[in-house]
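Note sheet for the following structure.
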Amino acid sequence: MFVFSVKPVFSILVATLTLIILLALLSPPSSSPFSQIPPSGKSIKSSLLGEEDIWSVRRLVEWRPCKWWLQGHQTALPLETNGYIRVDCYGGLNQMRRDFCDGVGIARLLNATLVLPKFEVASYWNESSGFADVYDVDYFIEQMNGFVKVVKQLPPEIASKEPVHVDCSKRKGQFDYIESVLPSLLEHKYISITPAASQRRDRYPLYAKAALCQACYKALRLTRSLEMKASQLLDAIPKPFMSLHLRFEPDMVAYSQCQYPGLSPTSMKAIEAAQIDRKPWTGKLAQIWRLRGKCPLTPNETALILKSLSISPTTNIYLAAGDGLMEIEGLTDVYTKIFTKSDLLSGEDFMSMHGNTKAALDYYVSINSDSYVATYFGNMDKMVSAMRAFNGLYKTLFLSRKGFAELTSKEPALKSYFTSALKSIPPVKSQEKKLIDFLSYQM
């Protein structure tokens, strides 16, 4: 009989694991083409941490995409369906993508067959393209096989009917789709829904979560012609490059209800035309609103922050933005290597595109860029950052509107510092740590 003590073996295992973890944490970060861009000076965050640039700051715990729904046992679909569901989607492309992915999860939850979604046709967005104009329908159906039933066409006995609309979009709290929507599905057999944006997906059973994740991360591929155009656009951008999602269009500013003194008369006129009945806050309320981080960063403020972070003025930047971007000179006067869709696509090619197809190009370029910087945390930013994390691309940065507002309101002297930052004057050391608050999130 062999007798041995467990304690020494356990101690050795603990010591070995500790050594492995220390080596992982202390090992140098992997290089990336973007991190090789020469900085204009020593970055603020790097001056504190002793790194070369803001992208080389290593996190203690690296995030990894799990792809759990592709690794485990897949729950078989029931033989009989409870009916047909069409997801009605509104807003910009990324909002519609989000709602449709939610709808896929709901269809699986209710054991329904999914009909191709209805995309809003809106003159306001210069939009007339539908789901099939943006996404590869056959590929989507193929990828969703086993996760949820999808049909291109309804059976004859249902095809002549309009679906009964069940509005879920304004529901708050613990809205239960099984209790509130399933009875209508069983009664009418064909319904349309707009998912509740506030609904927590973690309440779904695993098989419904799996369908949602498969749709969002694997099944939605651009049409062949649109993906070819997006690939050509990506190839035309000088490498390495940063994709910058800048939101300062008239409708965005009007919706924010923020005041922006000093804008050009042209910009002010465009904002007033988009305001309708949404007048900007004034006085103390305007200051409170800005301090809550509700006001979009202007191109000039964006340039100030990027320069303060030592992102070189010679950086190649793809501008992922909608039509009608205002005050763009505030950015292009500092960062001269700016590239847009209209610059890189032929005039006829660009003019034939609508809002959804243009947004699809921005999305494609942004998820494949060397780094992604967002000045807002909207639907596109959430979708792009999630897909970049899923693909293992972690150089994603969100600039903090709240941090910028707090910093400039508490210390007016910093406003003159920001101006001087554009002239490459080094920052005052006492102010350096506060500027790190610009980084609300780095993946």
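Every value quoted in this text rests on a predicted model; they were computed, and no experiment measured them. All residue numbers in this chain count up from 1 along the given sequence.
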Practice task
Walk me through it: do Val365 and Ile237 pass the test side-chain contact (heavy atoms from CB on, under 4.5 Å)?
Solution key: CA-CA 9 Å; Val365 170; Ile237 303 171; 3.7 Å; yes
Exercise for the section: Report yes if some heavy atom in the side chain of Lys294 is under 4.5 Å from a heavy atom in the side chain of Arg401; otherwise report no. Expected result: no
Exercise for the section: Without swapping roles, check the side chain of Gln214 against the backbone of Gln143 for a donor-acceptor pair under 3.5 Å. Expected result: yes
Problem - Audit row: Val104, Phe147, side-chain contact (heavy atoms from CB on, under 4.5 Å) steps and yes/no - result: CA-CA 9 Å; Val104 172; Phe147 290 92; over 6 Å; no
Handout entry: Minimum heavy-atom distance Cys168-Val181, with the two atoms named
Key = SG-CG2, 3.8 Å
Problem - Phe241 and its side-chain contact (heavy atoms from CB on, under 4.5 Å) partner, picked from Asp370, Thr315, Ile317 - result: Asp370
Fill in the blank from the handout: When rounded to the nearest 0.5 Å, the distance separating NE2 of His245 from CZ of Phe398 is 10.5 Å
Problem - Test item: Pro195 and Val87 side chains (from C-beta on) under 4.5 Å apart, heavy atoms - result: yes
Problem - Partner set under disulfide bond (SG atoms under 2.5 Å apart) for Cys213, not counting sequence neighbours - result: none
Exercise for the section: Could you tell me whether Lys239 atom NZ has more than 12 heavy atoms of other residues or ligands within 6.0 Å of it? Expected result: yes
Problem - Flag, side chain of Glu120 to backbone of Gly91, donor-acceptor distance under 3.5 Å - result: yes
Handout entry: Lys218 atom NZ, neighbour heavy-atom count above 12 within 6.0 Å
Key = no
Exercise for the section: Compare all side-chain heavy atoms of Asp362 with those of Met380 and state whether any distance is below 4.5 angstrom. Expected result: yes
Handout entry: Check ion pair Glu249-Arg247 (N to O, under 4.0 angstrom)
Key = yes
Exercise for the section: Return the orientation label for the Phe390 and Trp69 ring planes: parallel under 30°, perpendicular over 60°, tilted otherwise. Expected result: parallel
Exercise for the section: Locate the shortest heavy-atom distance separating Leu114 from Gly103; write the atom from each residue and the value. Expected result: CD1-O, 4.3 Å
Handout entry: Smallest separation among heavy atoms of Asn356 and Gly92, with atom names
Key = OD1-C, 4.4 Å
Fill in the blank from the handout: Shortest non-hydrogen pair, Cys216 vs Met383, comes out as SG-SD, 4.1 Å
Exercise for the section: With the side chain counted from C-beta on, respond yes when Pro313 and Lys337 share a heavy-atom pair under 4.5 Å apart, and no when they do not. Expected result: no
Handout entry: Gap between atom OG1 of Thr396 and atom CE of Met387 - 0.5 Å precision
Key = 12.5 Å
Fill in the blank from the handout: Minimal heavy-atom distance between Val148 and Ala112, with the atoms involved, is CG2-O, 3.9 Å
Practice task
Could you tell me whether Arg221 and Asp136 make a salt bridge, using a distance below 4.0 angstrom between a side-chain N and a carboxylate O?
Solution key: yes
Handout entry: Under 3.5 Å side-chain donor-acceptor pair for Arg290 and Ser409
Key = no
Practice task
Rounded to the nearest 0.5 Å, what's the gap from OH on Tyr376 to OG1 on Thr302? Could you check?
Solution key: 13.0 Å
Practice task
Using distance alone, with no hydrogens and no angle criterion, decide if Tyr90 and Asp99 have a side-chain donor and acceptor under 3.5 Å apart.
Solution key: no
Problem - Sequence neighbours excluded, every pair satisfying ring-ring contact (aromatic ring centres under 6.0 Å, His included) that has a member inside residues 256-279 - result: Phe248-Tyr260
Practice task
Please check if atom NZ in Lys209 has more than 12 non-hydrogen atoms from other residues, nucleotides or ligands closer than 6.0 Å.
Solution key: yes
Practice task
Return yes if a side-chain donor-acceptor contact under 3.5 Å exists between Thr282 and Gln259, otherwise no.
Solution key: no
Handout entry: Expected output: side-chain Thr194 to main-chain Asp88 donor-acceptor under 3.5 Å
Key = yes
Handout entry: Reported CZ-to-CD1 distance for the pair Arg278 and Ile271, which is rounded to 0.5 angstrom
Key = 14.0 Å
Problem - Distance-minimising heavy-atom pair for Pro299 and Met326 - result: CG-O, 3.3 Å
Problem - Side-chain donor-acceptor pair present, Glu327, Thr298, cut-off under 3.5 Å - result: no
Practice task
Could you tell me whether Asp277 and Lys279 have a side-chain N and a carboxylate O separated by less than 4.0 Å?
Solution key: no
Exercise for the section: Report yes if the side chains of Tyr335 and Thr314 come closer than 4.5 Å at any heavy-atom pair, otherwise no. Expected result: no
Practice task
Please tell me if the side chains of Leu399 and Phe404 come closer than 4.5 Å, counting only heavy atoms from C-beta onward.
Solution key: no
Exercise for the section: May I ask you to check whether over 12 heavy atoms, not counting those of Tyr255, lie within 6.0 Å of atom OH? Expected result: no
Exercise for the section: Report yes if the side chains of Leu393 and Ile367 come closer than 4.5 Å at any heavy-atom pair, otherwise no. Expected result: no
Handout entry: Side-chain touch Phe119/Leu93, heavy atoms, less than 4.5 angstrom
Key = yes
Handout entry: Modelled atom types, side-chain donor and acceptor of Ser243 and Ser366, under 3.5 Å
Key = yes
Practice task
Nearest 0.5 Å please: distance from the NE2 atom of His165 over to the CZ atom of Arg86.
Solution key: 9.0 Å
Handout entry: Point-to-point distance, once rounded to the nearest 0.5 Å, from CG of Leu297 to CG of Leu306
Key = 9.5 Å
